[in-house]
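Here is the naming used below: chain letters follow the sequence lines, and residue numbers restart at 1 for every chain.
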Amino acid sequence: MANADFEGRVYPANAPYSVGREKIREFATAVGATHPAHHDLVAARGLGYLDLVAPPTFAVIVAQRAESQYISDPAADIDFSRVVHADERFTHHRPIVAGDELTTVLHVDRIVSRGAISMVTTRCEIYAVPESVEVPSPEAESPGEHVATVTSTLAIRGEDA
Amino acid sequence: MSRPDIAALAVGDVIGTRTVTFDRADLVRYAGASGDFNSIHWNDKVAEGAGLPGVIAHGMLTMGSVVGLVSEWAGDPGAVVDYQTRFTKPVEVPNPGTASIEVTATIGVIDADAGTVRVDLAVTVDGAKVLGRTQVLVRL
């Protein structure tokens, strides 16, 4: 059973993830995203972007790093070998582009256990921080420009499920 | 690349269909690209131990692959402002061989004032739905 005490927890902004051109190309290739704006700088700039544009689900890389702060905490009682992904949602406040430095504030929104199954919903609020800032100040009202919101629900089967 | 004209669209229009295939190498490539190394996506023994018939595709690989149809139709991948799905059935990937995923994209909602359309994706393997409630909000 996932530990219900974690519901409502908010983790401070984490160390920024640097979005690289080759990572965008690699991820786009892995999901078969052939649009030139993922691969070719001239094409991306032709659409008005500063640099290569990330595919719509690229933010999962950033989100899963943030989520691991919670998932891999032994006190959270989440057995990763018994986890299945239930749903996922990306809301893009602006497209992610190469050169972005992205920090994430992780929220554990909901933990519900019924019978032997726990459903855990997390929300990652992703912000672009200026490159000069290595670790966002926890006192700042917002860590930077709001770029994306990633919501994810995991289902965890208990030992007897 | 040209952008679709929102005034020329109607709810129910099919904007495209596509077949997406995965083999084991595709799963390994996605594991590396995404950083998701959960071994149920590349190790049959671990997958079977977890109660699965064998290695399954990352749900996020399926989600990430089926939306390309919409990005290309929109003419700008940055036009996808919201994208959501539910993972309803795992996609088994044989060894050797490929899993074949059928995708149909249909206009679900048109909001001319906001300049957005919602594209609904039907995603099936052998006629069985593998993703549910798959909705892509596109700004045109």
Side-chain angles (χ1 to χ4, degrees), chain A residues 17 22-39 43-44 46-49 52-65 67-68 79-97 148-155 157 161, chain B residues 1 3 18 20-22 25-40 46-47 49-52 56 58-88 90 131-139:
Chain A
Y17 174 90
E22 294 303 342
K23 195 67 187 178
I24 287 181
R25 290 184 176 124
E26 180 190 5
F27 187 89
T29 300
V31 295
T34 55
H35 194 286
H38 304 309
H39 300 276
L47 286 170
Y49 298 108
L52 297 185
V53 184
T57 64
F58 182 89
V60 73
I61 298 173
V62 182
Q64 284 182 348
R65 283 185 173 214
E67 289 158 10
S68 71
D79 177 354
F80 202 68
S81 70
R82 310 187 71 84
V83 163
V84 283
H85 203 165
D87 64 50
E88 185 85 10
R89 179 174 192 168
F90 298 87
T91 304
H92 291 284
H93 309 297
R94 72 139 165 91
I96 293 170
V97 295
T149 303
V150 181
T151 311
S152 182
T153 303
L154 300 178
R157 293 170 297 137
Chain B
M1 225 173 255
R3 310 287 314 273
R18 175 170 291 183
V20 174
T21 59
F22 300 145
D26 293 319
L27 306 194
V28 173
R29 183 177 295 109
Y30 183 78
S34 68
D36 182 345
F37 293 102
N38 189 335
S39 40
I40 62 169
V46 173
L52 296 163
I56 60 166
H58 305 74
M60 287 307 308
L61 169 59
T62 306
M63 184 185 191
S65 299
V66 298
V67 73
L69 173 61
V70 182
S71 301
E72 286 161 36
W73 168 79
D76 178 355
V80 173
V81 291
D82 196 286
Y83 179 31
Q84 63 176 309
T85 196
R86 289 179 184 163
F87 303 99
T88 51
L131 297 182
R133 203 188 152 91
T134 308
Q135 302 178 340
V136 193
L137 190 69
V138 182
R139 184 173 291 130

**Student:** Looking at B/Pro77 and A/Leu47, what are the two nearest heavy atoms and their distance?
**Tutor:** CD-CD1, 4.4 Å

**Student:** Looking at B/Arg86, I'd like to know if its CZ atom is crowded, meaning that more than 12 non-hydrogen atoms belonging to other residues, nucleotides or ligands lie closer than 6.0 Å.
**Tutor:** no

**Student:** How far apart are the closest heavy atoms of B/Ala50 and A/Arg157, and which atoms are they?
**Tutor:** O-NH2, 3.3 Å

**Student:** Compile the donor-acceptor pairs under 3.5 Å between side chains in residues 89-97 of chain A and protein atoms, sequence neighbours left out, one pair per line.
**Tutor:**
from    : atom 1 : to       : atom 2 : distance (Å)
A/Arg89 : NE     : B/Asp82  : OD1    : 3.0
A/Arg89 : NE     : B/Asp82  : OD2    : 3.3
A/Arg89 : NH2    : B/Asp82  : OD1    : 3.3
A/Arg89 : NH2    : B/Asp82  : OD2    : 3.3
A/Thr91 : OG1    : B/Asp82  : OD2    : 2.7
A/His92 : NE2    : A/Pro56  : O      : 2.8
A/His93 : NE2    : A/Thr149 : OG1    : 2.9
A/Arg94 : NE     : A/Glu145 : OE1    : 3.3
A/Arg94 : NE     : A/Glu145 : OE2    : 3.1
A/Arg94 : NH1    : A/Asp100 : OD2    : 2.9
A/Arg94 : NH2    : A/Asp100 : OD1    : 3.1
A/Arg94 : NH2    : A/Glu145 : OE1    : 3.4

**Student:** Chain B heavy atoms under 4.5 Å from A/Glu88: which part of the residue, side chain, backbone, both or neither?
**Tutor:** both

**Student:** A/His85: what forms a ring pair (Phe, Tyr, Trp, His ring centres under 6.0 Å) with it, not counting sequence neighbours?
**Tutor:** B/Phe87

**Student:** Counting only non-hydrogen atoms closer than 4.5 Å, does A/Phe58 touch chain B with its backbone (N, CA, C, O), its side chain (CB onward), both, or neither?
**Tutor:** neither

**Student:** Looking at A/Ala86, A/Ala37, A/Gly32, A/Gly48, which makes the most heavy-atom pairs under 4.5 Å with chain B?
**Tutor:** A/Ala86

**Student:** Go through B/Val67, B/Thr85, B/Ile56 and name the one with the most non-hydrogen pairs under 4.5 angstrom from chain A.
**Tutor:** B/Thr85

**Student:** For the CZ atom on B/Arg139, are there more than 12 heavy atoms of other groups (residues, nucleotides or ligands in this structure) within a distance under 6.0 Å?
**Tutor:** no

**Student:** Taking every heavy-atom pair that is under 4.5 Å apart, which of B/Asn38, B/Val81, B/Leu27, B/Val80 has the most such pairs with chain A?
**Tutor:** B/Val81

**Student:** For B/Ser34, does its backbone N or O pair with a side-chain atom of A/Lys23 as donor and acceptor, under 3.5 Å?
**Tutor:** no

**Student:** Between OG1 of B/Thr134 and CG of A/Asp87, what distance do you get to the nearest 0.5 Å?
**Tutor:** 11.0 Å

**Student:** Looking only at heavy atoms, which two atoms of B/Gly75 and A/His35 are closest? And how far apart?
**Tutor:** O-NE2, 3.1 Å

**Student:** If you tally heavy-atom pairs under 4.5 Å against chain A, which of B/Gln135, B/Arg29, B/His58 wins?
**Tutor:** B/Arg29

